[in-house]
Every structure is written in structure tokens, then in C-alpha cells.
Amino acid sequence: MNWLRRRQLLEQLECHRCRLLPQVIADFDMTLTKYMVEGRRGQSTHALLSQGSTDYDRKRQELFDIYYPMEISPNIPVEEKTKLMETWWGKSHGLLVEGGLNIENIRQSVEKGTVGFREGIADLFEILDGEGVPLLIFSAGLADIIEEILRQKLHRTFPNIRVVSNRMNFDKDGNLTGFIGKTIHVLNKNEHALEMAAPLHDEEGHSVGSNGNGSSFIKGRKNVILLGDHLGDLGMSDGVAYDNRISVGFLNENVENWLDTYRRAFDIVVLNDGTLDCVVELIQELR
Ligand code: TMP
Ligand code: MG
């Protein structure tokens, strides 16, 4: 991590006299969650989902085997990669609808899935909650799975968290009928309006599924701390009229090939499942 750069950025925030009102925008898979979980590769929200049909789970795994190496390849030009990612997400979501999925599959998949939060997440969530700092989780994964992971792993609700991600639509029996809104993939996060943000819980703490208003959630928050593991994650703040932004990049694989690019693109780079401590420290210094 580049501490000198971090100090310069904090000074920049101070000299703009806008230390107050930060917001955090974070990617989910492999940013808030770990790349390796108990010696095994951590699963993304898409990957951990078991539809209850081995045939369809296999078909989606085959797509992963084809497209994931393309996602992390430094050799595919961004326009070409964007088209490939569109195709992958389109096919994968098509299979979820075609093969059938219900809410119970989601609950069981999260229970069994190989997913774990990055070290330091409890401290981060506590300090953000305590300081009233909004956390917008902006993911190309699946909103319904992210919310189930938060429910199962955190054992408490956080009113300051909103999830912007691909959101499923279910019929009255809890069966998936399709997806709400335009697909978010790893390279088009910049195109997605914050209006998609949905409140995670209503005032009584019950989970809610309808879309809320992300822009009012982060209104007036002029300092952004952005967390991501993909270059496309830098586009997550494009819809925000911020004064200052500190970006933290989590580089989990292909480190030799990507390190220089990540150092140029992000203000701070955390390698190989490093902790979220630097983010907690930033929030502590900003309060
Ligand atoms: P993120 O924006 O939260 O990081 O989520 C995107 C990840 O989802 C990306 O790294 C690829 C992964 N993914 C799968 O594992 N399986 C799939 O079927 C699809 C469409 C994406
Ligand atoms: Mg990610």
C-alpha cells in the first residue's frame, strides 16, 4: 500500500475542507468477500448458486470456464471484452430463468456456498454504521444472493447499506420469472444509475425487494471511498458528483501481469486477500 499517496489524499480532503460526509461504494465479489476461503477458491454470488438442477448448474459452470479467463485476461481490448461479458451475463441469466430457481434454492445455496468476508469486514461495517456513513454495494453479481449472504453471515441488519446489483423477479410462489432492469456486468457499472439502489430492510428490519432511491441515500456525500477488485469497478462512482475520491484496488490473481496497471489506476492497492484495515483507518481519520 502506498502510505505517502494516502497521506497526500487525506491532506487533499482536508484542504478542500470537506472532511465530512464521506460515502463508501464497494464492489462485492472478491472485494468485500475473500478470494480464498479455507484453502478453496471463494465463490462469486453467481457461482455459489445451485438451481436444484445439476444439468443447469453444469451449463453455467461451463460458461464460467470459458468466460472467466477472458474476464481476467490483460490481453483482450476493453471493447471486445465488454461484448464478451454481455454475452456471458446474458447466457448465464437466461439459464437461471430457463432451468428454474426458487427462493429456497437461494437460501440453501448460501448456506452451502464457499463464501467468506474479507478480514476486517466486521470493524468496517461497525464504524460505517456508527459514523452514519452510507455503504453502497455495487455488484455485477446477484442482489438477492448478496442480501441473503448479509442476512446469514452478519446476524444483524445495517440501515446504512444499499445493494445495487442484478435483481431477480419472483412470482407469488417464489419462482424466478426474470430480472429487473438492465443487466450489470463487470465492465458496464459506469452506465448504471444509482436509482437502482434498493433498501435492504424497511424501518422494522424486514427485508424489502422493491427498488428504492440510491441518489437520495448518498445525497450531499462529496467524498467517495471506492473499493473494487476489477478495473471496471472504478466506473462505480461515475454517477456521483463527488469532490474527492480515494480508490482502493484489491488485486487477487495474475498479480505480476496486473500490478503496474493497478498501481496506476487505484490510489491504494491491497494484494492477495489482504485485510480491510486500510479502509477502516481511512474512515477513522476522516471522522
Ligand atoms: P462483482 O461485480 O460483485 O465482482 O461480481 C461479478 C463476478 O461474477 C465476476 O467476477 C464474474 C462472476 N460470475 C460468475 O462467477 N458466474 C456467472 O455466471 C457470471 C455471469 C459472473
Ligand atoms: Mg469483484
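Counting starts at 1 for both ligands and their atoms, in listed order. Computed from a prediction, not measured in an experiment: that's the story for all the values here.
Under the 4.0 angstrom criterion for non-hydrogen atoms, Leu63 is not in contact with ligand 1.
Heavy-atom proximity to Phe64, at under 4.0 Å, picks out these atoms of ligand 1: 14 (C), 15 (O). Which parts of ligand 1 touch Glu71 is read off a 4.0 Å heavy-atom cut-off, strictly below it: atoms 9 (C), 10 (O), 11 (C).
Distance alone, capped at 3.5 Å, places no donor-acceptor pair between the Asp173 side chain and the Asn175 backbone. Under the 3.5 Å distance criterion, the side-chain polar atoms of Ser165 are matched with a main-chain donor or acceptor of Ser139. Although no hydrogens or angles enter the test, the distance criterion places a donor-acceptor pair under 3.5 Å between the side chain of Asn188 and the main chain of His185.
A 4.5 Å side-chain heavy-atom check between Ile103 and Glu148 finds every atom pair outside the cut-off. In this structure, Met236 and Leu226 have side chains that are in contact, with non-hydrogen atoms separated by less than 4.5 Å.
Atom 5 (O) of ligand 1 has Asp29 OD2, 2.9 Å as its closest protein atom, hydrogens excluded (heavy atom only). Annotation: atom 16 (N) of ligand 1 to nearest protein heavy atom, His46 CB, 3.1 Å. Among all non-hydrogen protein atoms, the one lying nearest atom 4 (O) of ligand 1 is Asp27 OD1, 2.9 Å. Of the protein's non-hydrogen atoms, Ser92 OG, 2.7 Å is the one closest to atom 18 (O) of ligand 1.
The residue among Tyr68, Trp88, Tyr67 with a heavy atom at the shortest distance from atom 13 (N) of ligand 1 is Trp88.
Contact annotation: for Lys189 versus ligand 1, heavy atoms closer than 4.0 Å belong to the side chain alone. Residue Ala140 touches ligand 1 through backbone and side chain together, judged by heavy-atom distances below 4.0 Å.
Considering backbone and side-chain N/O atoms, Ser44 comes within less than 3.5 Å of an N/O atom of ligand 1. Close N/O approach between Ser139 and ligand 1 is found [any backbone or side-chain N/O within under 3.5 Å].
With no hydrogens or angles considered, a side-chain donor-acceptor pair links Ser50 and Asp57 at under 3.5 Å. In the model, Ser92 has no side-chain atom that pairs as donor or acceptor with a side-chain atom of Arg60 under 3.5 Å.
Its N, O or S atom nearest to the Mg ion (ligand 2) is what matters here, and for Asp27 that atom is OD2. The nearest N/O/S atom of Asp229 to the Mg ion (ligand 2) is OD1.
Residue Asp29: an N/O/S atom is found under 2.8 Å from the Mg ion (ligand 2).
Geometrically, Arg156 engages Phe158 in a cation-pi contact defined by less than 6.0 Å to the ring centre and at most 45° from the axis.
Electrostatic pairing of Glu147 and Arg167 counts as a salt bridge here, judged by a charged N lying under 4.0 Å from a carboxylate O.
Closest non-hydrogen pair, Pro74 versus Asn257, comes out as CG-CB, 4.2 Å.
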